[in-house]
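Basis for what follows: all heavy atoms, side chains included, without hydrogens, waters or symmetry-related copies.
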Amino acid sequence: MEQPNPSSLSSPASPTSPLSELVAVRRQKLQAIRDLGIDPFGGLFESTGTVAEVRDGFEEGRCVSLAGRITAYRDMGKSRFLDLSDMGGRMQVYVNAKEVDETSLAVSAQLDIGDFIGVEGECFTTRTGESSIKVRSLKILSKSLRPLPDKWHGVQDPETRYRQRYLDLIANPSSRAIFLQRSAIVREIRRFLDERGFLEVETPMMQAVPGGAAAEPFKTHHNALGMDFFLRIAPELYLKRLLVAGFPKVFELNRSFRNEGISRRHNPEFTMLEAYWAYADFQLMSVLVEELVCHLAVMLGNKDHQVHHRDGEGNVTKTINLSRPWKRASYNELIEAAVPGWFSFDKAGKIARCAELKLDISHCPEEFEMTQHVFEKLVEEKTIDPCFVTHVPKELVPLARLNDADPSKVDVYELIINGQEISPGYSELNDPDLQRERLEHQAGEEQQKIDTEFLEALEYGMPPAGGIGIGIDRLVMLLTGAESIREVILFPHLKQRIQSASSNT
RNA sequence: GGGUUGAUAGCUCAAUGGUAGAGCAGUACCCUUUUAAGGUAUUGGUUCUGGGUUCGAGUCCCAGUCAACCCA
């Protein structure tokens with residue numbers, strides 16, 4: 001490890017800045033602890049359990065040990081109350097001058113909010129009825145050298161919350177809750193799929209030809225091979241190779257990367273679930289997704305399948321009803337319902353109707369693009385409860401299997417919830433010649449963008465299959481009520497700030 | 001890429017163009033069951049950066065940086 005330069009730890013730009021004074025005071029306490037012959041950055045501490053576990057096993061007089069971070073400090077002279085916190089909660093500990101050993105008492109005089117400590121003592125209930133630990137001995141495990149955010153207001157500034165997520169997680173319980181829920185969701189998806197016989201696999205994130213979606217990739221370079229690679233925009237073409245290999249049910253739940261805009265709903269790296277099921281079709285996949293999402297909602301405590309989104313004050317702003325069965329409707333039918341007579345208009349009529357509806361279609365030269373714009377604005381954005389959109393025009397989804405009865409449509413669904421696309425599902429195309437034709441058409445001039453090794457694999461024979469993709473970030477937004485993707489990604493991408501010489505500012 | 005809004009103490013926020021304030025945190029003292037502990041006193045500011053207008057700018061104007069939101 002690189003040794004920190006001591007001069008960079010104070011603030012050379014402004015050695016007398018208020019922050020550096022606060023840091024200096026903490027460093028004095030650090031030294032005072034060292035002067036007691038104690039290492040303020042301790043090692044192993046064996047605790048009875050987490051805060052929640054100690055709380056669960058609370059029994060008057062029981063001896064326990066507990067480690068955590070000090071999040072509040074109430075000094076009453078000869079006795080002190082500390083709040084010890086971890087991810088799962090808060091436990092009050094009581095330090096009485098008469099009841100702790102001398103060293104612990106001396107250390108306890110040098111503590112600050114933010115320090116990690118370990119205590120040993122017995123469970124007792126205070127006069128006000130709070131389960132607490134009466135400390136016999138106390139050990140400092142890590143001295144915090146910088147002041148923590150306001151204990152009551154937490155961190156409000158979104159920039160600080162994203163750049164220094166650790167502060168957000170320390171200070172804001174609502175943020176902690178989102179990431180604990182995200183973790184639970186991901187864990188439960190894996191369990192759910194495992195239970196149904198799906199095999200989790202890992203396929204390349206660095207690909208010579210980025211396929212499986214239409215998106216701008218990130219480029220990188222492998223020195224030893226002397227060749228460029230792309231970060232994957234989707235795992236699809238490798239998962240399909242595994243269908244060729246004979247795995248009947250596979251999934252991958254991991255990161256993909258798209259070199260496109262950043263917004264409330266887009267992060268350049270995002271987490272996606274893709275699952276493929278041999279001999280199934282898009283209808284079967286839609287049932288699987290429906291079961292999965294409902295299962296997750298119930299797991300998170302939405303027993304009535306109602307997911308409530310709330311504002312800052314906790315008032316319900318939106319309720320999403322996930323009760324099954326979910327609505328299924330064809331693309332054309334939904335558009336007809338939104339704009340009656342839409343498909344009876346010719347091109348000029350459609351342009352006129354869009355003008356009346358105040359829809360800007362200047363970027364839509366083709367009729368199907370106008371229709372798609374109407375769909376996005378008047379159907380998708382207004383669909384809150386789940387809806388599987390089926391019988392999508394083939395122009396919009398060039399890689400899917402054509403519908404047997406109506407070859408102008410493809411056998412896919414687009415699942416819309418809360419005004420955004422959550423998951424597409426396909427009956428996968430397994431005709432290698434047709435697939436090649438479609439990819440060549442899609443690539444146009446840029447034939448090098450075609451993954452020919454994938455096409456070769458298809459020629460060995462891929463079973464018919466159903467496939468799905470689910471944007472995990474958006475799914476977490478949906479289930480936790482987060483309004484921005486940055487609220488559900490621990491370290492969202494922001495523009496780099498110019499590094500100042502001082503690490504204290 | 002375009003538009004709107006914002007950046008003030010470690011944190012959360014105030015401040016008609018006229019002496020930059022409060023709460024929390026910090027520091028000192030009091031207090032042996034407090035819990036957003038309490039009481040008394042107190043430290044702390046390059047008002048994001050750079051220009052400009054003005055007798056005087058946190059405040060008005062211009063440019064830039066970063067962020068949030070909306071649009072493309």
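For the C1' atoms, the distance linking B:C70 with B:A63 amounts to 24 Å, nearest Å. Taking the P atoms as reference points, B:U12 lies 15 Å from B:A68, given to the whole Å. Taking atom C1' in both B:A36 and B:U59, the straight-line distance is 33 Å, to the nearest Å. For the P atoms, the distance linking B:A25 with B:G39 amounts to 11 Å, nearest Å. The separation of B:C48 from B:U43, taken at their C1' atoms, amounts to 25 Å, rounded to a whole angstrom. Spacing of C1' atoms, B:G26 relative to B:A67, comes out at 29 Å, to the nearest Å. Remark: the separation of the C1' atoms in B:A15 and B:C55 is 22 Å, to the nearest Å. Look at the C1' atom in both B:U32 and B:G10: the space between them is 32 Å, to the nearest Å.
Distance A:Q156 CD to B:A14 P: 12 Å, rounded to the nearest Å. Across the protein-nucleic acid pair, A:D168 atom CG and B:A67 atom P stand 17 Å apart, rounded to whole Å. Atoms NZ (A:K495) and P (B:G64) sit 12 Å apart, rounded to a whole Å. The CZ atom of A:R161 sits 17 Å away from the C1' atom of B:C66 (whole-angstrom rounding). Atom NE2 of A:H493 is separated from atom P of B:C66 by 16 Å (rounded to the nearest Å).
If you check the side chains of A:T71 and A:R90, you find no donor sitting under 3.5 Å from an acceptor. Side-chain contact check for A:E269 and A:H493: at least one donor-acceptor pair (N or O, by modelled atom type) lies under 3.5 Å. Counting only N and O atoms by type, the side chains of A:E120 and A:S65 include no donor and acceptor under 3.5 Å apart. Side-chain N/O atoms of A:Q372 and A:Y331 include a donor and acceptor closer than 3.5 Å. Judged purely by distance below 3.5 Å, without hydrogens or angles, the side chains of A:N172 and A:S174 never pair a donor atom with an acceptor atom. Side-chain contact, A:S423 with A:Y413: a donor N or O sits under 3.5 Å from an acceptor N or O. Checked by atom type, the side-chain pair A:R161/A:Q156 shows no donor-acceptor distance below 3.5 Å.
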TODO: Take nucleotides 24-34 of chain B nucleotide by nucleotide from the 5' end and write B, S or -, depending on whether a protein heavy atom sits under 4.0 Å from the base, only from the sugar-phosphate, or from neither.
DONE: BSSS---BBBB
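Between A:H363 and A:P365, the closest heavy-atom pair is O-CD, 3.3 Å.
Taking the six-membered ring wherever Trp is involved, the centroid distance between the rings of A:Y94 and A:F124 falls below 6.0 Å.
For the pair A:R163 and A:A72, both in contact range of RNA chain B, the more 5′-proximal nearest nucleotide belongs to A:A72.
When both distances must be under 3.5 Å, the Watson-Crick or G-U wobble mate of B:A28 is B:U40. Across the strands present, B:C69 finds its partner in B:G3; the criterion is a Watson-Crick or G-U wobble pair with both atom distances under 3.5 angstrom. Nucleotide B:G58 is matched to nothing when pairs are restricted to Watson-Crick or G-U wobble geometry with both distances under 3.5 angstrom. The nucleotide B:U16 finds no pairing partner, because no Watson-Crick or G-U wobble arrangement with both distances shorter than 3.5 Å includes it.
Under the ring pair (Phe, Tyr, Trp, His ring centres under 6.0 Å) criterion, A:W326 pairs with A:F388, sequence neighbours left out.
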Shorter than 3.5 Å, N or O on both sides, protein versus nucleotides 68-72 of chain B: list them out with atom names.
from  : atom 1 : to     : atom 2 : distance (Å)
B:A68 : OP1    : A:R486 : NE     : 3.2
B:C69 : OP2    : A:R486 : NH1    : 3.0
B:C70 : OP1    : A:R264 : NE     : 3.2
B:C70 : OP2    : A:R264 : NE     : 3.2

